Amino acid sequence: MGDELVHRTVDAGIATITLDSPHNRNALSAQLRRELRDHLAAALAEDTVRVVVLAHTGPVFCAGMDLKESRSADADQQGVRELPELLEALWTSPKPVIAKLAGPARAGGVGIVAACDLAVAADTATFGFSEVRIGVVPAVISLTVLPRLQPRAAHELFLTGENFDAARAVEIGLLNSAVPAESLDAEVARYADLLTRGAPNALAATKELLRRPRAATISEDFDAVLELSASHFASEEGQEGIRAFAEKRPAAWIPRRPE
């Protein structure tokens, strides 16, 4: 299989999963998809991990599917059946996931960015949905991208395939923040620190709340959310948070930072 293309480290509750295939611009080869899936599953299974950061080596975050592998391959060999599973794992992760981009993302790479809860990029990063220009459709990634993008922007960018910059990505909802390259580490660390202050079960439930479809009537929604709210107020985690607030101390779930 050769050298590992994805690495994972854990420090102070933050698991950093790094795409490390710069020779092909971190394209989604079968090996990279498999290793990314496995490292993500391992991070989610590790109790000490509170937040996942998805980062990369090299100048490009992810160029999308590996077109060399896709050449002359049939539908079952294109990876399109694996990519939805990877996007779903990121989208439904009970732990918050931050995408950290020092460089461009294209096609499937943008789908991965959209699947993460938060996304921060260097202001020099660019993005694009290049699928129509090579005769394919951005079908799979639409499942994560369309909920993020403004509808008019989605029509424009999916249909034209035109590249766009980080400032536009923030404007249309793909990114949370675009900062100078030298500030990227600090901005991601700021978000990660904020996320680790949230209680694990509460964060997982809030993520599920953000994904749930709205009911036909607001009264039906009230019934569901009132039950959710009451159960978490009464939970061990909720009671600990209330005590910590009253006692003016950090809650038990906040990772200890080195002195």
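None of the values given here were measured: they were computed from a predicted structure.
- Under a 3.5 Å cut-off, the side chain of K95 and the backbone N or O of V52 do not form any donor-acceptor pair.
- A distance-only check finds a donor-acceptor pair linking the side chain of D165 to the backbone of R168 [under 3.5 Å].
- By the neighbour-count criterion of 12 heavy atoms within 6.0 Å, atom CD of E236 is sparsely surrounded, having that number or fewer from other residues, nucleotides or ligands.
- More than 12 heavy atoms of other residues, nucleotides or ligands lie within 6.0 Å of NE2 in H7, so this atom counts as buried by the packing criterion.
- Grouping the Ile, Leu, Val, Met, Phe, Trp and Tyr side chains by contacts below 4.5 angstrom, directly or via other members, places L44 with V49.
- Note: L101 CG to C62 SG = 9.5 Å, rounded to the nearest 0.5 Å.
- Under the 3.5 Å distance criterion, the side-chain polar atoms of E240 are matched with a main-chain donor or acceptor of A252.
- By the rule that hydrophobic residues join a cluster once side-chain heavy atoms approach within less than 4.5 Å of another member, L209 and L203 end up as members of separate clusters.
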Derivation of the side-chain hydrogen bond (donor to acceptor under 3.5 Å, both in side chains) call for H39 and E4: CA-CA 11 Å; H39 279 299; E4 185 180 62; 3.0 Å; yes

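- Closest heavy-atom contact between S130 and A107: OG-CB, 4.0 Å.
- In this structure, the side chain to side chain contact (heavy atoms under 4.5 Å, CB included) partners of E208, at least two apart in sequence or on a different chain, are R211.
- Dense packing is recorded around CZ of R8, with more than 12 heavy atoms of other residues, nucleotides or ligands lying under 6.0 Å away.
- Minimum interatomic distance between A251 and A244 (heavy atoms only, all atoms of both residues): CA-CB, 3.8 Å.
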Stepwise side chain to side chain contact (heavy atoms under 4.5 Å, CB included) test for V6 and D38: CA-CA 9 Å; V6 182; D38 292 347; over 6 Å; no

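- When atom types are taken as modelled, the side chain of R50 and the backbone of G198 share a donor-acceptor pair closer than 3.5 angstrom.
- The shortest heavy-atom contact between A125 and G103 is CB-O, 3.5 Å.
- Hydrophobic clustering (side-chain heavy atoms under 4.5 Å, transitive across Ile, Leu, Val, Met, Phe, Trp, Tyr) groups V145 together with V170.
- Taking CE from M65 and CD1 from I141, the interatomic distance works out to 11.0 Å, rounded to the nearest 0.5 Å.
- The distance from the CG atom of L36 to the OG atom of S29 is 10.5 Å, given to the nearest 0.5 Å.
- Under a hydrophobic clustering in which Ile, Leu, Val, Met, Phe, Trp and Tyr are joined whenever their side-chain heavy atoms come within less than 4.5 Å, directly or via other members, V140 and L159 fall into different clusters.
- For the residue pair T144 and G111, the shortest heavy atom distance occurs at OG1-O, 3.0 Å.
- F127 places none of its side-chain heavy atoms less than 4.5 Å from the side chain of L157.
- Under the 4.5 Å side-chain criterion, counting only non-hydrogen atoms from C-beta, R33 is not in contact with E85.
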If you look only at distance, which donor and acceptor atoms sit under 3.5 Å apart when one is on a side chain in residues 181-188 and the other is two or more places apart or in another chain?
{"unit_1": "D185", "atom_1": "OD1", "unit_2": "K100", "atom_2": "NZ", "d": "2.5"}
{"unit_1": "E187", "atom_1": "OE1", "unit_2": "R190", "atom_2": "NE", "d": "3.1"}
{"unit_1": "E187", "atom_1": "OE2", "unit_2": "S177", "atom_2": "OG", "d": "2.8"}
{"unit_1": "E187", "atom_1": "OE2", "unit_2": "R190", "atom_2": "NH2", "d": "3.3"}

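- The backbone N or O of A139 lies less than 3.5 Å from a partner atom in the side chain of S142, making a donor-acceptor pair.
- In this structure, I17 CD1 and D20 CG are separated by 13.5 Å, a value rounded to the nearest 0.5 Å.
- Note: F129 and F158 have tilted aromatic rings, judged against thresholds of 30 and 60 degrees for the angle between ring planes.
- The closest donor-acceptor contact from the side chain of N26 to the backbone of V60 lies under 3.5 Å.
- Looking at heavy atoms from C-beta onward, W91 lies in side-chain contact with P147 at the 4.5 angstrom threshold.
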Working for side chain to side chain contact (heavy atoms under 4.5 Å, CB included), residues V137 and V132: CA-CA 6 Å; V137 178; V132 294; over 6 Å; no

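- One finds the CG atom of L175 at 11.0 Å from the CG atom of D123 (value rounded to the nearest 0.5 Å).
- With a 6.0 Å radius and a threshold of 12 heavy atoms from other residues, nucleotides or ligands, E88 has its CD atom at or below the threshold.
- Between E131 and R106 there is no salt bridge, since none of the side-chain N atoms of the basic residue sits less than 4.0 Å from a carboxylate O of the acidic one.
- Taking every heavy atom of both residues into account, V10 and A15 meet most closely at CG2-CB, 4.1 Å.
- Looking at every heavy atom in both residues, A192 comes nearest to I98 through N-CD1, 3.8 Å.
- For the pair D66 and L32, the minimum side-chain heavy-atom distance is 4.5 Å or more.
- You'll find the side chain of L143 stays beyond 4.5 Å of the side chain of L87, heavy atoms only.
- Looking at L5 and L19, their side chains never come closer than 4.5 Å, going by heavy atoms from C-beta outward.
- Note that CG of L86 and CD1 of I112 are 5.0 Å apart. Values are rounded to the nearest 0.5 Å.
- Cluster membership for F61 and V53, using ILVMFWY side-chain heavy atoms within less than 4.5 angstrom, is not shared.
- The closest side-chain heavy-atom distance from F164 to T126 is not below 4.5 Å.
- Between the H232 side chain and the A202 main chain, no donor and acceptor come within less than 3.5 Å of each other.
- With contacts defined as side-chain heavy-atom distances shorter than 4.5 Å, the pair N176/Y191 qualifies.
- Salt bridge present: D193 and R197 bring a charged side-chain N and a carboxylate O closer than 4.0 Å.
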